[in-house]
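Values below: every heavy atom of this structure, side chains too, minus hydrogens, waters and symmetry copies.
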Amino acid sequence: VKTKLKFITSDVDFSKKMLDLGHEGVDEGIIGGVTGLVLAEASLKNQNISCILATTLKDLPDAYSTVQVLKAIVSLEKLEIDLGPIEDKAMKLQENITSFMDKAKK
């Protein structure tokens, strides 16, 4: 399953690579927390900064979105890392979370 990620960056090369991989830049919005702080500080200091955002499930923790971000990083940096075992564990974890939440609703 390939998920379209979103990204924010001040780095033109990073933006081109992400767009080439089929991901979408964020044109407007609010990024809060530590990520927002780091983005703001970097822009004030004229440093290149990038943030990759993955869509997550609305009501449940989403382990699989992390795998999608890792896949993008592996592609961007042309790393030779087998993410298969991590992806399998994330899928199993997601199944367990979904099962637990379903039981909790009953």
Applying side-chain hydrogen bond (donor to acceptor under 3.5 Å, both in side chains) to K16 and not counting sequence neighbours gives D20
Applying side-chain contact (heavy atoms from CB on, under 4.5 Å) to K89 and not counting sequence neighbours gives none
Grouping ILVMFWY residues whenever side-chain heavy atoms fall under 4.5 Å, the cluster of L37 otherwise contains none
Rounded to the nearest 0.5 Å, the OH atom of Y64 sits from the CD1 atom of I97 at a distance of 14.5 Å
Members sharing L53's hydrophobic cluster, built from side-chain contacts under 4.5 Å between Ile, Leu, Val, Met, Phe, Trp and Tyr, are I8, V26, I31, V34, V38, L39, I49
Taken in chain and number order and not counting sequence neighbours, the residues that satisfy side-chain contact (heavy atoms from CB on, under 4.5 Å) with K45 are E41, Q47
Applied to residues 76-86, the side-chain hydrogen bond (donor to acceptor under 3.5 Å, both in side chains) test, sequence neighbours excluded, yields none
| request: Please answer whether the main-chain N or O of Q94 pairs with a side-chain N or O of T98 as donor and acceptor at a distance below 3.5 Å. | output: yes
Applying side-chain contact (heavy atoms from CB on, under 4.5 Å) to S75 and not counting sequence neighbours gives L21
Of all heavy-atom pairs linking V69 and A54, the shortest is CG2-CB, 3.8 Å
Applying side-chain hydrogen bond (donor to acceptor under 3.5 Å, both in side chains) to E24 and not counting sequence neighbours gives K6
Between the OG1 atom in T55 and the CD atom in Q68, the distance rounded to the nearest 0.5 Å is 10.0 Å
Hits for side-chain contact (heavy atoms from CB on, under 4.5 Å) against L83, two or more places apart or cross-chain, chain-then-number order -> L70, K71, V74, I81, I86
side-chain hydrogen bond (donor to acceptor under 3.5 Å, both in side chains) filter on S50, not counting sequence neighbours, yields T9
Residues passing the side-chain hydrogen bond (donor to acceptor under 3.5 Å, both in side chains) test with N48, sequence neighbours excluded, are S10
For V12, the hydrophobic cluster (side chain heavy atoms closer than 4.5 Å, chained through members) also holds none
